[in-house]
Amino acid sequence: MTDPVPTEGSANTRVRSDESWNGTDAARATDDAAARDSLTSDVRRGLARAQKALPPKYFYDRVGSELFEEITRLPEYYLTRAERRLLLRWMPELAQRYRPRSLLELGAGSGEKTRIILRAMREHRSADSYVPLDISAEFLEESAVRLREEFPDLTVAPLVADLADAIIPPSTIARPVLFAFLGSTIGNFDSGDATALLRRVRAAMQPGDLFLLGADLHKDPARIEKAYNDPRGVTAEFNRNVLRVLNRELGADFEVESFSHRAPYLVDERRVEMHLVAERDQLVTLPGIGRIRFAAGESIRTEICCKYDREQIEALLGAADFAIERWWEDGADPYALVLARPVPRPARVPRGGPTPWPGRAVIHRLERDAREHLFALDCGTAEDRRIGAEVEILLVDATTRAPAPLERSLEVVRRVAARRSWTESRSLKAAMSEFRTPHAGRITFEPGGQLEYSAPPSLSLSELARDLETTIDDLSSTFAEDGIASVSLGIDPVTPVEQTTLQLHAERYRRMDRHFNSIGKFGARMMRQTASMQICLDVGDDPYTRFALLERLSPYVIAIFANSPIYAAKATGHMSYRAHAWRTLDPSRTGLILDGADPAVAYTRFALDARTILTGSEHEAARPFGEQLAAGRCRVGDWTTHLTTLFPEVRPRGYFELRSCDALVSEWFVAPLAFVAGLVYHAPSAGAALEVLGAPDPGLLADAGRCGLADPKLASRARDLWRLAREGCVALGDAFVAGTDVERMDEYVRRFTMRGRSPAHDSLDSIRT
Ligand code: AVI
C-alpha cells in the first residue's frame with residue numbers, strides 16, 4: 001500500500017554534528033548494493049512527491065562534509081560558535097554538579113565539542129567512557145583512535161547504529177550517562193520524527209542519566225536567513241553537492257549548475273527550508289528510477305532546519321518524557337543548550353499519589369495484541385482496498401422537531417424491512433431490535449433514538465455509495481410518510497439535551513451515561529444527539545503509515561464536511577459542534593494518538609489510561625483501566641470490551657475506522673468516501689498527502705472543529721488534498737470510483753471547499769436570514 005514517504009529529517013536520516021565528518025561516507029555507503037538500493041528508493045520516493053524532496057543524509061560525501069565544515073566556520077553561521085560558547089561556559093558546572101561518568105553522543109562528533117565535554121568531565125574525574133554512536137564503523141574507529149590518544153584513561157566504545165534504531169548502550173557503561181545530541185541537528189527532523197528519536201534516547205536511559213540537547217532558537221529572520229545564504233555561496237555549493245552525489249552514485253545527469261540554491265526562513269513554520277530550484281525546464285535521467293521532468297522554477301527540498309522557542313523544546317522533550325533540568329541560552333545569538341532528565345511517563349488522567357500499574361509482561365501482551373489484532377500488522381496487502389461506512393441520521397418529529405420516540409421509529413423501519421426483506425433480531429448490546437439486509441448491512445438504533453446504517457464493506461466505492469444512498473433515502477421517505485423527519489446533521493440543532501432522554505436502556509448505555517454525566521454535558525449530547533459518518537478502510541501492508549495518514553487527515557475531514565454549527569437553536573461558535581462534543585466528553589478516551597514511533601504501543605497506553613466504564617463498580621468514580629487491572633478490579637479479559645468504549649478519531653480494529661465526519665445528506669455521501677479513499681488507497685497520493693499534511697499538530701483538531709475552513713492553513717491544504725484525492729480516485733479506476741462519482745465529488749469541492757465553505761456555512765446562513 002502506501003509507499004512510506006520519509007520526511008526531510010526522517011528517523012533514518014544520517015545526520016552529524018558539525019565536526020563529525022566522515023569524508024568518504026556517501027561513497028562508502030554506496031559501495032554495497034544494499035546502500036545503493038536504499039539510495040535509489042529514497043530518491044525515487046522523494047522525487048515522486050508533489051514537493052520533490054531528498055533526504056539530507058546524502059549531502060555528506062567527502063566534498064559535502066568539507067563544505068559543511070566550512071559552513072561551520074562562516075561568520076554568518078552562528079550556530080556552531082554559539083553552542084561552543086555555551087559548552088565552554090556551562091560544561092564545567094554540569095560536570096561538577098551531575099558527575100556523569102560516560103558520554104554517549106548521537107551522530108558522534110570527533111571534534112571540538114566532544115573534547116570540550118570530555119575535558120570538563122575529566123576535570124571532575126568523571127570521564128570513564130565515551131560512546132560515540134554513528135552509522136559508519138570506519139568513521140567511528142578513526143575518531144576513536146584520536147580520542148584514545150588524548151584521553152588514555154577513557155574507554156572509547158563506539159556504537160555502530162542508525163539513529164532510526166533502538167539505542168542500546170553497552171551493558172558495562174558507567175552510569176550516570178550523559179547523552180548528547182548537539183549542533184541543532186534535531187532541527188533537521190520534523191516534529192514527529194524528532195519526538196520518535198527523543199523517545200528512543202529516553203528508552204535507553206536510566207534514572208540519574210541526563211540528556212544534553214543543542215537547539216537553535218527562533219530569532220531575527222534576517223539573521224537566520226544569512227546563516228543559510230552566505231555571500232560566498234558555500235551553503236549553495238553544499239546544497240548543490242547533493243546532485244553531484246546523485247550523478248556519481250546513481251549515474252544521474254543533473255546539470256548541477258542549472259539548479260540554484262534557495263533557503264528562505266518560513267517564519268510561521270519556524271524553519272529554514274533549503275531548496276534547489278531548477279532555473280529552466282529540464283528532463284533528468286536517473287538510471288533505475290526513470291526520467292524526471294523539472295519545470296523552470298520547480299524545486300527539490302533538500303533539508304529543513306527548525307528553529308525553536310523554549311515552549312516548543314519543552315513540548316518536544318515532554319512528549320518523549322523528559323523534563324528540563326537546566327536551560328542555558330546564548331544571548332548574542334539565541335541558541336539553547338538544554339539539559340533534560342528522564343521522567344516517568346505521566347498518566348493521561350491525573351492520579352493522586354503513587355498508583356498501581358500493570359507489570360511489563362502484561363503490557364507487552366496487550367501491545368502484542370494491539371499489533372496483531374488492532375493494527376493487524378503483517379496481515380494486509382497493498383491490494384486490499386475495501387471500503388465500508390456507517391451513516392447515522394437523527395430522527396425528529398416533523399412538526400415539533402423533538403426527538404422521535406424510538407417505538408414510533410421502529411414501526412417505520414419494520415415497514416421498510418418488510419418491503420426489502422430485512423430480518424429483525426434482538427441486539428444484545430442495545431437490548432433493542434436490529435435489522436439485517438440480505439447483503440449483510442445492519443440497521444441499528446443509537447441511545448437517543450438515532451438510526452444507524454452500517455453498510456457492508458465493498459471493493460467498489462461507488463457500489464458502497466449507492467447502497468448507502470438508496471438505503472438512507474428509502475428510510476427517510478418512509479419516515480416522512482409518518483411525520484418523522486430525518487436530519488442529516490452532526491448534531492440536533494433544535495433541542496437542548498435537558499429535553500431529551502436516553503431511549504436505550506441497556507446496561508452499556510446506562511453506565512456510559514452515568515460516567516459521562518460525571519464529567520459534563522457533552523457525553524449525554526453525544527449519545528443522544530449526534531450523528532456521524534464513519535469510514536472504514538483496510539489496514540494495507542503498512543498499517544502504521546496508514547494510521548498516521550488517517551490521524552493527520554482527521555482534522556481536515558472535520559473541517560471540510562463540518563455541518564453542525566447550531567445547537568439549541570443558536571450558533572455555537574463551532575463549525576462542527578459534534579466534533580467538539582466527542583472530543584470533550586472524556587478526553588481520556590478521545591482525540592488523536594499522534595505517536596509516530598510505534599502506534600500499537602501508543603494505542604495500548606492510550607487504552608490503559610482510558611477510564612473504565614463497563615467494568616468495576618458502577619458507583620465509584622471511574623479509574624484508568626491500567627490502574628484497575630493492576631489493582632485486580634478488572635481482568636485482562638475485560639480488555640476487549642474496554643476497547644469498544646474508546647472513541648479516538650481513528651480507531652484501529654483490524655481495519656481503520658475514521659470517525660471524524662459529521663453526518664451528511666445522502667447527495668454528498670460520495671464526497672468524504674472519495675476524499676479519504678482517493679488519498680489512502682493510491683500510494684502516490686498517500687505519500688504526497690503526508691507531505692502536504694506535515695508534522696502532526698495536536699491543536700489542529702480543535703481548530704478544525706471550531707473554524708472549519710475559515711482557517712487559511714486548513715483551507716489551502718484542504719484544496720491540495722482534494723487535488724491529490726481526485727488524482728487517487730481517477731488512478732484507482734472506474735471499477736472503484738465511477739466517473740459520475742468523481743464528478744459529484746468535484747461538485748462538492750466547487751460548491752464548498754474551493755469557496756472556503758463547508759455545509760455548516762449553509763446552516764449558519766439559514767439562521768441569519
Ligand atoms: C547539520 N545541521 C544541523 C545543519 C543545520 O544548520 O541545520 C545543516 C546545514 N544546512 C545548511 N547549513 C547547515
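Start at 1 and go down the list; that is how both ligands and their atoms are numbered. For the numbers below, each heavy atom of this structure counts, side chains included, while hydrogens, waters and symmetry mates do not. All figures in this text were calculated on a predicted structure; none of them were measured in a lab.
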K.L.:
Quick one: does S184 get within less than 4.0 Å of ligand 1, heavy atoms only?
P.N.:
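Heavy atoms of S184 do come under 4.0 Å of ligand 1.
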K.L.:
Between Y98 and H124, does the ring centre distance come in under 6.0 Å?
P.N.:
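No, too far apart.
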K.L.:
What residues, two or more places apart in sequence or in another chain, satisfy side-chain contact (heavy atoms from CB on, under 4.5 Å) together with D697?
P.N.:
L700
K.L.:
Under 4.0 Å from a heavy atom of Y228: give me the atoms of ligand 1 that qualify, with their elements.
P.N.:
5 (C), 6 (O), 7 (O), 10 (N), 11 (C), 12 (N), 13 (C)
K.L.:
Looking only at distance, does Y60 have an N or O less than 3.5 Å from an N or O of ligand 1?
P.N.:
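Among all N and O atoms of Y60, none is under 3.5 Å from an N or O of ligand 1.
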K.L.:
Only heavy atoms of E303, strictly under 4.0 Å: list the atoms of ligand 1 that pass.
P.N.:
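In order of numbering, the contacting atoms are 8 (C), 9 (C), 10 (N), 11 (C).
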K.L.:
Of the side chain and backbone of N239, name the one, both, or neither that has a heavy atom under 4.0 Å from an atom of ligand 1.
P.N.:
neither
K.L.:
Which of the numbered atoms in ligand 1 are below 4.0 angstrom from a heavy atom of M274?
P.N.:
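Every atom of ligand 1 under 4.0 Å from some heavy atom of M274: 11 (C).
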K.L.:
Is the distance between the ring centroids of F68 and F59 less than 6.0 Å?
P.N.:
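Between F59 and F68, which both carry aromatic rings, the centre distance is not below 6.0 Å.
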K.L.:
Does the side chain of L94 reach to within under 4.5 Å of the side chain of W328, using non-hydrogen atoms?
P.N.:
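When only atoms from C-beta onward are counted, W328 and L94 do touch, with a gap below 4.5 Å.
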K.L.:
Quick check, are the ring centers of Y130 and F151 under 6.0 angstrom apart?
P.N.:
no
K.L.:
From the options R73, R85, K113, select the one residue that forms a side-chain contact (heavy atoms from CB on, under 4.5 Å) with T80.
P.N.:
K113
K.L.:
May I ask you to list the atoms of ligand 1 that are less than 4.0 angstrom from any heavy atom of T185?
P.N.:
3 (C)
K.L.:
From the options H275, E298, E691, select the one residue that forms a side-chain hydrogen bond (donor to acceptor under 3.5 Å, both in side chains) with K52.
P.N.:
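Looking at H275, E298, E691, the match for K52 under the side-chain hydrogen bond (donor to acceptor under 3.5 Å, both in side chains) is E298.
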K.L.:
Are S258 and R280 close enough, and set up right, to give a side-chain contact (heavy atoms from CB on, under 4.5 Å), and what steps lead you there?
P.N.:
CA-CA 7 Å; S258 70; R280 50 178 176 72; 4.0 Å; yes
K.L.:
Kindly confirm or rule out an N or O of T235 lying under 3.5 angstrom from an N or O of ligand 1.
P.N.:
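No; every N/O pair is 3.5 Å or more apart.
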K.L.:
Could you tell me, atom by atom, which parts of ligand 1 come under 4.0 Å of a heavy atom of Y77?
P.N.:
4 (C), 5 (C), 6 (O), 12 (N), 13 (C)
K.L.:
Record the part of F59 in heavy-atom contact with ligand 1 below 4.0 Å; permitted values are side chain, backbone, both and neither.
P.N.:
neither
K.L.:
List every atom of ligand 1 that sits less than 4.0 Å from any heavy atom of G183, numbering the atoms from 1 in the order shown and giving each element.
P.N.:
3 (C)
K.L.:
Does any N/O atom on N188 come nearer than 3.5 Å to any N/O atom on ligand 1?
P.N.:
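Between N188 and ligand 1 (N or O atoms, distance only) the closest approach is under 3.5 Å.
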